[in-house]
Every structure is written in C-alpha cells, then in structure tokens.
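First listed ligand is number 1; within each ligand, the first listed atom is number 1. The structure displayed is predicted, hence computed values, not measured ones.
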Amino acid sequence: MLQNTGSALSNNRKVHAIFFSPARSTKKIVEAIASGISDEFIIHDITQGLHKTIELKADDIAVVGVPAFSGKVPPIAAQLISKIKGQGARAIVACAYGNCHYEDTLSELSNICVKAGFVPISSGAFVSRHSMFPELGKGRPDENDLAKARTFGKQSVKHSRITLKGELDTDIIPSNRPKGVVPAVVKSTSDCNFCNICTRSCPTGAISRDNPKKTDKKKCIACARCIEMCPYEARKFKGLMYQITKKRFVEKHQSRKENEINLPL
Ligand SMILES: Cc1cc2nc3c(=O)[nH]c(=O)nc-3n(C[C@H](O)[C@H](O)[C@H](O)COP(=O)(O)O)c2cc1C
C-alpha cells in the first residue's frame, strides 16, 4: 500500500483512484485527477472485477471514474462500484466521454457513489478518444486535458474544505435522458493468433476460452477492451448497422467538445 505524501492532505488521509476503464482513457483521467491531490495514491482497477473488498475510511478521498456508455454508467461498472464500502469518504466523480454526450453518466455515477457510502464533492466529464468510433476525440485526453484534470483534483479538495458541508449538491450535475444504444458487435479477424489475451481481458467473460473467435453476443457489452488488448489488432467492430451508424455518428459529433466540471457552490 502506498503512503500518502501529498502536501494538501493530512498524513492519515489516503487518496484512492478507482476506475472501470476497458480502453484505458478513464484510467488516464482518474489518475491525473488523483495526482492533482497527492503525489501518491492507491490504484483500484475494477475493469476485470473486484478481486478483493475495497474499503475506505471517512478521512480518505476517492476519485471514481467510468466511461459514458450510451449516456450512462456501464451496468457492470455500476454493480462493481456498489460493492465498494465508501464509509463516508469524499468522492470526486468523473467520466470519460467520446466527444458526443455524457448525458446521465455523471448524475447516475454520483447516485451510485452515494449509495455505496461516499460523499460526492465534485464531478467532471472529460473528453477522450471514442473507443467505438476512434475518429471522435482522437488524441484525447491530451496533455492539456490531463493538466486540467490535475487542476480539477486540486480544486476539488480545496473547495470541499471551504464550503460548509464540503458536499456537492448533486442536482447541479447536468443530466439528459440517453437516446439509445448503438448496435455494435466485436468480432475476430483472420489475424487472430488464438493467444486468448482477449478471453482473459474481457470484463464480462463473453469470449470463448476454447475458441477466442467466438463471442457470446448476449454477454458482450461492446466495451472495446478486447480491441485495446489484442496484440495482433485482430478484434474489430463489425456489421452493416455499425458501418451505417459510424458514418452518421462521426459526421454529427465531429466538432470539438470540452471538459465540464462541477464544484460545490
Ligand atoms: C459501448 C460504448 C458506448 C459509448 N457511448 C458513448 C456516449 O454515449 N457518449 C460519448 O460521448 N461517448 C461514448 N462512448 C465513448 C466512450 O465514452 C469513450 O471512448 C471513453 O473514453 C471510453 O473509456 P475507456 O477508454 O476508459 O474505456 C461509448 C463507447 C462505447 C464502447
């Protein structure tokens, strides 16, 4: 376990970076926010499940991050976060989104965190490469985004000290009703080497161990983890519906979006 050395914090207060991040952009953002609070923090990568109980103390600060999937928290991430014991720890709630909309993601994540025993103190949505349509948000989060994430971490702790309760009024987090799910299937190409890295990396166990070219469509959440992890670039989004949606989507969401943060009033 890492010792907290951050100057902004008392000695017994630990900083936790907790994230569900199939294609690793959320990870970058959460770690940047945490590094704005303290030089050292404890990393909990829950992308492939909770391997042990995560229990915080009331004095601790957590940065909890997920990607926006169809404008919501990925259900599997919601399940995993609700098993964490927040025990009154302050939480900075964050999401990565692929230059479209994060819609309900932050407000839903805030509610999940409250139910898990956290006290949300701030929230932020950060633009990142769209893992389903990589033309969107290309190259992001960039150095500038990560610098903003670090500043946001620092500001969140400062604000929570000076406001009366140090608690975010979660009603100020914008939320929209998500519009629907993009139909997408991930398949293996002939470059598949049967190494089974995708099978081992899949958060939902959707890829067959005996034949990694077989994906269980009912289990696959199209999170792009297998695409990210495959050393042979043999996993791809496929299908006519995907191709049609992709063209429309990329055209519609091309204009650059910005990061959005909410701090206590
Ligand atoms: C299934 C799926 C649904 C997505 N839905 C949205 C969305 O509604 N809005 C958006 O802006 N980006 C959306 N994205 C893009 C992700 O939010 C973005 O790529 C994020 O950085 C992924 O995080 P990760 O790299 O930690 O996996 C979606 C991506 C996937 C794979």
Side-chain angles (χ1 to χ4, degrees), residues 17-34 43-48 63-78 80-81 93-109 123-142 145-146 148-149 174-187 198 201-204 206 215 217-230 235-239 241-242 245-246 248-260:
I18 303 171
F19 50 83
F20 177 86
S21 183
R24 295 191 275 211
S25 291
T26 312
K27 173 183 181 343
K28 284 186 200 161
I29 291 158
V30 168
E31 290 183 354
I33 298 170
I43 296 172
H44 307 275
D45 183 347
I46 62 167
T47 314
Q48 289 175 235
V63 185
V64 184
V66 300
F69 275 12
S70 305
K72 297 187 63 140
V73 175
I76 187 169
L80 293 167
I81 294 166
V93 172
C95 78
Y97 77 106
N99 208 61
C100 303
H101 303 287
Y102 58 92
E103 321 231 42
D104 265 346
T105 314
L106 277 185
S107 66
E108 197 191 339
L109 181 58
S123 72
F126 290 82
V127 180
S128 57
R129 179 182 62 103
H130 200 301
S131 47
M132 192 181 280
F133 306 116
E135 292 86 345
L136 298 174
K138 205 172 179 180
R140 298 183 75 187
D142 55 24
D145 295 319
L146 295 176
K148 282 187 180 151
S175 92
N176 272 312
R177 191 172 285 271
K179 304 204 173 41
V181 178
V182 175
V185 190
V186 187
K187 288 191 175 162
C198 58
S201 317
C202 176
T204 61
T215 304
K217 281 188 201 162
K218 285 196 188 127
K219 284 190 184 167
C220 174
I221 56 166
C223 69
R225 176 77 165 174
C226 53
I227 298 174
E228 178 71 17
M229 300 303 277
C230 177
R235 303 277 305 176
K236 305 253 186 269
F237 279 107
K238 288 255 173 103
M241 281 310 286
Y242 171 73
T245 314
K246 180 177 177 167
R248 201 166 34 86
F249 227 78
V250 172
E251 273 168 19
K252 188 173 167 195
H253 296 290
Q254 252 166 3
S255 63
R256 183 186 166 91
K257 299 271 181 2
E258 292 308 330
N259 307 314
E260 291 178 22

Item checked: CA sep, side-chain torsions, deciding dist, call: K72, D104, salt bridge (Lys or Arg N to Asp or Glu O under 4.0 Å) -> CA-CA 5 Å; K72 297 187 63 140; D104 265 346; 5.8 Å; no

Notebook entry, point to check: Would you say T204's side chain and K219's backbone share a donor-acceptor pair under 3.5 angstrom?
Noted result: yes

Item checked: Element-labelled atoms of ligand 1 that are located less than 4.0 Å from some non-hydrogen atom of A222 -> 1 (C), 31 (C)

Checklist line | N or O contact, R129 vs ligand 1, cut-off under 3.5 Å | finding: yes

Item checked: Atoms of ligand 1 close to H101 [distance to a heavy atom under 4.0 angstrom, numbered from 1] -> 7 (C), 8 (O), 9 (N), 10 (C), 11 (O)

Check: Side-chain contact, heavy-atom cut-off 4.5 Å: I29 with I33?
Finding: yes

Note to self: With side-chain hydrogen bond (donor to acceptor under 3.5 Å, both in side chains) as the criterion, how do S21 and R225 come out once you've worked through the C-alpha distance, each side chain's angles and the decisive distance to 0.1 Å?
What the structure shows: CA-CA 8 Å; S21 183; R225 176 77 165 174; over 6 Å; no

Item checked: ligand 1-proximal atoms of E228, by part, heavy-atom distance under 4.0 Å -> neither

Note to self: If you take the centroid of each ring, where Trp contributes its six-membered ring, are F133 and Y242 closer together than 6.0 Å?
What the structure shows: yes

Checklist line | Heavy-atom closest pair, residues I76 and P203 | finding: CD1-O, 3.4 Å

Check: Quick one: which ligand 1 atoms are inside 4.0 Å of a heavy atom on P22?
Finding: 27 (O)

Checklist line | Separation between OG of S128 and CG of N99, rounded to the nearest 0.5 Å | finding: 9.0 Å

Item checked: Test of ring centre spacing under 6.0 Å for H130 and H253 -> no

Note to self: Any nitrogen or oxygen of C100, side chain or backbone, less than 3.5 Å from one on ligand 1?
What the structure shows: yes

Notebook entry, point to check: Within a reach of under 6.0 Å around NZ of K257, are more than 12 heavy atoms found that belong to other residues, nucleotides or ligands?
Noted result: yes

Item checked: Shortest heavy-atom approach to atom 15 (C) of ligand 1 - which of R140, H130, K257 -> H130

Margin query: Give the atom numbers and elements of ligand 1 that come within less than 4.0 Å of a heavy atom of S70.
Written below: 3 (C), 4 (C), 5 (N), 6 (C), 7 (C), 8 (O)

Item checked: Proximal ligand 1 atoms for S128, defined as those under 4.0 Å from one of its heavy atoms -> 18 (C), 20 (C), 21 (O)

Check: Is A224 touching ligand 1 with its side chain, its backbone, both, or neither, if touching means heavy atoms under 4.0 Å apart?
Finding: neither

Next item on the list: Note the single closest protein heavy atom to atom 1 (C) of ligand 1, along with its residue, its atom name and the distance in Å.
Entry: M132 CE, 3.3 Å

Next item on the list: With atom 17 (O) of ligand 1 as the reference point, say which of A68, P67, P203, P74 has the nearest heavy atom.
Entry: A68

Notebook entry, point to check: Minimum heavy-atom separation for R235 to C230, with atom names?
Noted result: CG-CB, 4.0 Å

Note to self: I need the nearest protein heavy-atom contact for atom 25 (O) of ligand 1: residue, atom name and distance, please.
What the structure shows: S25 N, 2.8 Å

Notebook entry, point to check: Looking only at heavy atoms, which two atoms of A77 and V66 are closest? And how far apart?
Noted result: CB-CG1, 4.0 Å

Notebook entry, point to check: Which atoms from ligand 1 have a heavy atom of S131 less than 4.0 Å away?
Noted result: 19 (O), 22 (C), 29 (C), 31 (C)

Note to self: Counting only heavy atoms, tell me which of L136, T26, I29 gets closest to atom 26 (O) of ligand 1.
What the structure shows: T26

Check: Between I221 and ligand 1, is there a nitrogen or oxygen pair with a distance under 3.5 Å?
Finding: no

Note to self: Among all protein heavy atoms in this structure, tell me which lies nearest to atom 12 (N) of ligand 1, with the distance rounded to 0.1 Å.
What the structure shows: G98 N, 2.9 Å

Check: Among protein heavy atoms, which lies nearest atom 27 (O) of ligand 1, and at what distance?
Finding: A23 N, 2.7 Å

Next item on the list: Look at atom 8 (O) of ligand 1 and find which of G65, P134, S21, G71 reaches it with the closest heavy atom.
Entry: G71

Check: With a 3.5 Å cut-off and no angle check, do the side chains of E260 and Y102 form a donor-acceptor pair?
Finding: yes

